[in-house]
Amino acid sequence: MSTQKSRISDEEVNGLISKLQSLLPESRRRNLSRASSASKLLKETCSYIKSLHREVDDLSGRLSHLTSTLDPDGPQVEIIRSILGS
């Protein structure tokens, strides 16, 4: 049984790059020109993902602090739970 490496075509790479670029917010896409390299796009995407992680961590901490100051059986906590789906 021989193993054959699956190679991705240039066309597929370009399609994936376009899809990835479309996921970035407009403000981040402005930093990338049409001729930007895939490497630059990947770096910008990683930077964006890291910033999203920081934002999630910050919001999680704020929510945790907020809920710790509320009555656990109070209506505010129930509203927060219903919004979060938990």
Show every donor-acceptor pair shorter than 3.5 Å between a side-chain atom in residues 67-75 and any protein atom, with sequence neighbours excluded, or say none if there are none.
from	atom 1	to	atom 2	distance (Å)
Thr67	OG1	Leu63	O	3.0
Thr67	OG1	Ser64	O	3.1
Ser68	OG	His65	O	2.7
Thr69	OG1	Leu66	O	2.6
Asp71	OD1	Asp73	N	3.2

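- Cluster annotation: Leu42 and Ile8 are assigned to the same hydrophobic cluster (Ile/Leu/Val/Met/Phe/Trp/Tyr, side-chain heavy-atom contacts under 4.5 Å, transitive).
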Ignoring hydrogens and angles, write down the donor-acceptor pairs under 3.5 Å from the side chains of residues 43-53, residues two or more places apart or on other chains.
from	atom 1	to	atom 2	distance (Å)
Glu44	OE2	Arg28	NH1	3.0
Thr45	OG1	Leu41	O	2.8
Ser47	OG	Arg28	NH1	3.2
Ser51	OG	Arg28	NH2	3.3
Ser51	OG	Tyr48	O	2.7

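- Going from atom NZ of Lys40 over to atom CD1 of Ile17 covers 13.5 Å, rounded to the nearest 0.5 Å.
- The list of salt bridge (Lys or Arg N to Asp or Glu O under 4.0 Å) pairs with a residue in residues 8-19, not counting sequence neighbours, is empty.
- Residues satisfying the side chain to side chain donor-acceptor pair (under 3.5 Å) criterion with Glu78, sequence neighbours excluded, are Arg81.
- The list of salt bridge (Lys or Arg N to Asp or Glu O under 4.0 Å) pairs with a residue in residues 54-68, not counting sequence neighbours, reads Asp58-Arg62.
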